[in-house]
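Structure, as structure tokens:
Labels below follow one simple rule: chain letters A, B, ... track the order of the sequence lines, proteins then strands, and each chain is numbered from 1.
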Protein chains: 2
Amino acid sequence: MKKANRTGANARERILEAAGEIFAECGYQKATVRDICGKAAVNLAAINYHFGDKENLYRETLRNAVFLSYQKYPPDGGATGADRPEDRLRAYIRSFLFRILDPGRSAWFGKIISREIIEPTPVLDSLIKEVFYPNFLRLVSIIEDIVGRDKDPETVRFCAASILGQCLYFGNSKTRFFFLNKKRFAPEKIEGITDHITRFSINALAAINKT
Amino acid sequence: MKKANRTGANARERILEAAGEIFAECGYQKATVRDICGKAAVNLAAINYHFGDKENLYRETLRNAVFLSYQKYPPDGGATGADRPEDRLRAYIRSFLFRILDPGRSAWFGKIISREIIEPTPVLDSLIKEVFYPNFLRLVSIIEDIVGRDKDPETVRFCAASILGQCLYFGNSKTRFFFLNKKRFAPEKIEGITDHITRFSINALAAINKT
DNA sequence: GAATATTTAATACGGTCGTTTCAAACAAAT
DNA sequence: ATTTGTTTGAAACGACCGTATTAAATATTC
């Protein structure tokens, strides 16, 4: 008696999907539950029934988006500890970029997270602790493997920030204006960006290694 | 008959100031004209009288914020063409960082612009053309002076993006979580970040120079 | 100082949005 | 088949917000 699905597709999941799309496009404030219900083809009350309120729907949507994108593009990017640190760095960067630039369903993640970074909601705090900070430390560890573990910890973390900053910069829409007028980066283009950031960063790290 | 100031401080300017603060804090959607009027200690109708509507007030606020921050921290950062390109790069980075990290009045700029990048309004397009893109080209030119003017233009632009990305990354509030729990970077800290980004980037560019 | 233009004040309108309500439709259990 | 629990549907409530209105108050000009 737990699940009584009249319609084929679960209403709850349809809402979650529509919410991902609309929250990504409009942001939390501008998005309306009416739009979400319209796109999900459910009644207005369904949102209240399944999620309680808009805020909780957003919370679930965000967690779902994070889950999907990290599932599709794991932080290690397929590289293992056996690989050279430079290759692990490249895989890390590539995964990061695809996570925020990949079109399709998991692209919600990039947009929603970008908004969160600027205008954080309470949801972000737990995500930082559970997902982003551990992921940050993973990057720090890769960098330490490159520059040596004897370097000043703050310097290493600054380098991690430099790498993440580069990745994030390519994630937002308007900076693309400087490069091309396309709305999206094609996958080949993302590979090219991966190459650039990897090369740029490894060069920088190599110089630090020598200090 | 142009100006009839009953109160000492111009109401229009008080609104502009309050709007800068509130738009920066809340974003366009969440900010209410009532809050702005309250903080500016003017009547609700004043916003309509002086600016027409909320959207136009935002437009003026944004342009004002850009003007203030670029006035306080000019793109060249005091460096001239006579300086070494590496020094001009450092000055550029320093100005950029202070523009978005400086506390006080011009800090609105950083927050509002950060929001604009994620969720652009029509105002941004003209700003990009008039301010940001020319500023981007200035950076490109500095980079060319470092790596040589014979390099692939896209590579150079990617390098510019890498540098701007690093700067922007330190501008938002939540990444600071990874470094310290302070709400703001102290000025000395900003100098330290300037040092890091400059060193990191010059190392990377030097390697490209050798290709 | 009277006439005119400008600015401020108080209030209300119209619309949108999140949420609630309550009954109907449906599925599961007995 | 009846009962019980779950899900959906249509409509409305209540609050908030941007904007408009209108008159009063204040400057400016002659």
Quickly work out the [X] [atom1] to [N] [atom2] distance and round it to whole Å.
X       : N      : atom1 : atom2 : answer
A:Arg12 : D:dT8  : CZ    : P     : 12 Å
B:Asn43 : D:dG18 : CG    : C1'   : 14 Å
A:Phe51 : D:dT8  : CZ    : C1'   : 15 Å
A:Asn10 : C:dA27 : CG    : C1'   : 14 Å
B:Ile47 : C:dA10 : CD1   : P     : 16 Å
A:Asn48 : C:dT19 : CG    : P     : 7 Å
B:Arg14 : C:dT8  : CZ    : C1'   : 11 Å
B:Tyr49 : C:dT7  : OH    : C1'   : 5 Å

Legend entry - Below 4.0 Å: OP1/OP2 of C:dT6 and any side-chain N or O of B:His50: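 For C:dT6, neither OP1 nor OP2 has a side-chain N or O of B:His50 closer than 4.0 Å.
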Write out a two-atom table: protein N or O, nucleotide N or O from nucleotides 15-18 of chain C, distance below 3.5 Å.
from, atom 1, to, atom 2, distance (Å)
C:dG18, OP1, A:Ala31, O, 3.2
C:dG18, OP1, A:Lys54, NZ, 2.7
C:dG18, OP2, A:Val33, N, 2.9
C:dG18, N7, A:Arg34, NH1, 2.7
C:dG18, O6, A:Arg34, NH2, 2.9

Legend entry - Pairs satisfying salt bridge (Lys or Arg N to Asp or Glu O under 4.0 Å), at least one member in residues 136-146 of chain A, at least two apart: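 Qualifying pairs: A:Arg88-A:Asp145, A:Glu144-A:Arg149, A:Asp145-A:Arg149.
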Legend entry - Listed once per pair and sorted, the salt bridge (Lys or Arg N to Asp or Glu O under 4.0 Å) pairs that draw on residues 27-42 of chain A, sequence neighbours left out: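 Matches after skipping sequence neighbours: A:Glu21-A:Lys39.
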Inset, instruction - Report yes or no: is the cationic atom of B:Lys54 (NZ for Lys, CZ for Arg) closer than 6.0 Å to the six-membered ring centre of B:Tyr28, at no more than 45° off its axis? - result: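 Cation-pi check for B:Lys54 and B:Tyr28: passes.
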Legend entry - Angle between terminal axes - the helix from C:dG1-D:dC30 to C:dT30-D:dA1, 5 pairs each end, rounded to 10°: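 One end axis against the other gives 10°.
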Using ring pair (Phe, Tyr, Trp, His ring centres under 6.0 Å) as the criterion, list what pairs up with [X], not counting sequence neighbours.
X        : answer
B:His50  : none
A:Phe200 : A:His196
A:Phe51  : none
B:Phe132 : none

Inset, instruction - Remember a base hit wins even if backbone is also touched, and classify A:Ala46 as base, sugar-phosphate or nothing at under 4.0 Å, heavy atoms. - result: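 If one applies the 4.0 Å heavy-atom cut-off, A:Ala46 turns out to touch nothing in the nucleic acid.
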Inset, instruction - List the atom of A:Cys167, the atom of A:Leu97, and the distance in Å for their closest heavy-atom pair. - result: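 That closest heavy-atom pairing would be O-CD2, 3.7 Å.
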Inset, instruction - For B:Glu130, enumerate each residue passing the side chain to side chain donor-acceptor pair (under 3.5 Å) test, keeping only those at least two apart in sequence or located in another chain. - result: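 Per chain and number, B:Glu130 pairs via side chain to side chain donor-acceptor pair (under 3.5 Å) with B:Arg63.
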